[in-house]
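What follows is one structure encoded as structure tokens, with my remarks underneath.
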Amino acid sequence: MSKPPKNAAWGGRFALGPSEIMQKINVSLDIDKRLYAQDIAASLAHAAMLARRKIISPEDGEAIARGLVQIKNEIETGLFPFRAEHEDIHLNIEARLAEIAGPAAGRLHTARSRNDQVATDFRLWVRDAVDRLDARTRDLQAALLDRAERHAATIMPGFTHMQPAQPVTFGHHLMAYVEMLGRDRGRFKDCRARANESPLGAAALAGTSFPIDRDATARDLGFDRPAANSMDAVSDRDFALEFLAAAAIAGLHLSRFAEEIVLWSAPNFGFVALSDAFTTGSSIMPQKRNPDAAELVRAKTGRLNGDLVVLLTVMKGLALTYAKDLQEDKAPVFDAADTLELCLAATAGMVLDLRVDEAAMRAAAAAGFSTATDLADWLVRVLDLPFREAHHRAGALVKRAETLGCDLAGLPLAEMQKVEPRVTADVFAVLSVEKSVASRASFGGTAPAEVRKAIAAARKRFL
Ligand code: ARG
């Protein structure tokens, strides 16, 4: 097998081409070809600026622009000749441009380096990914809001320690996720705002001797401003780290919801059922309907965490400015964006697909003495007991009910009066799950009226 040829872009001082193994470890084309649109956009902005500043001739500027547009077309129609010996997407495009535009192509790289080029492309890509993920997250919020609206008064058990704690409504539970997703969107938005500075024109690391206009290229590419320090501009990957951190947290939220879907759809709970669209069967146990989509969403958070740790580790201890280590920055970001987008879509699909068994939810909500807090609150409100004291009495009543094998609402008044003589029959009014839920009308509480207000407010905040 013949050795790879000398590199056309940087091989000037080299006598020989790289070894095959060098070529193999060096090439990043299969990953970074996803930057093609951003690379071409940034090159168009750069070339136009070079021509405006008379750093290159208008004719060369036009030849470059025409060639870049043709290349974009070739890539999008599958006609572009990708060549691994050109390392990455930047050099592939440049090599093809030379074939199309001749010597003019060689002028495109004036006052720029692949270091500021890749940093620019990557920021543009992350910006687009943030916008895509924001739209998908919003879709999921919309699906949850619709579901929450229908179930604003559907009673289910609320859990702490995975034990029935107090009754809540299913709508209220779903709205908790709308809040989490709102924070996820906020994190991505913050990331986007800080990412939105242009490295272009930082060149290799020190800036350039050509009279470029960094404000113009920044503006052209939709950046808020040029990055202020050329060394920071080529070596900073905070925007990618922030993206990965935001993705990991968002994935974690989805994994919590996925776990709840797994639990709720298990026969022992029976709160919800997923259709054939989001479940699989077992090849051996014919009765099974497994919530695989939810399980995979639950698991993929591991992958998202891994992606974050990859880049944190690549960046740690890296001296300024560019080192080839930085080429390892893209794979985790692309993977995280793809993974999160898929998880968001799968979760939205499940939210729309869920069939809710209201009777099963209500029955579970009534079990486990879930209105014991309501009983304690009644003792405070009506008999003016200190809460700690009331808690103690209510606990004694739970014990009594347990011994008699009934729930709190089924405990005879005489039994209650053995524990607290001043209890009256009025107490039964607070012991039903409906009353319990309706009474939690504090701001952000689970009372159906409050949940409906929260839904209306969330539609304004998020949709
Ligand atoms: N493929 C490279 C990367 O992703 C492009 C930058 C190369 N710069 C360099 N000085 N070799 O980082």
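What's counted below: heavy atoms across the whole structure, side chains too, no hydrogens, waters or symmetry copies. Counting starts at 1 for both ligands and their atoms, in listed order.
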(Q) List the protein residues in contact with ligand 1, where contact means a heavy-atom separation under 4.0 angstrom. (A) Ser28, Asp32, Asp88, His90, Arg114, Asn115, Val118, Tyr322, Gln327, Lys330
Q. Side chains of Glu295 and Asn290: is there a donor and an acceptor less than 3.5 Å apart?
A. no
Q. Taking only residues two or more places apart in sequence, or in another chain, which ones meet Arg440 in a salt bridge (charged side-chain N to carboxylate O under 4.0 Å, His left out)?
A. Asp374, Asp377
Q. Do Arg112 and His109 have side-chain N/O donor and acceptor atoms under 3.5 Å apart?
A. yes
Q | Side-chain H-bond candidate by donor/acceptor type, Asp353 with Ser275, under 3.5 Å | A | yes
Q. Is there a donor in the side chain of Glu260 and an acceptor in the side chain of Tyr177, or the other way round, less than 3.5 Å apart?
A. yes
Q: Report yes or no: do Asp128 and Gln38 form a side-chain donor-acceptor pair below 3.5 Å?
A: yes
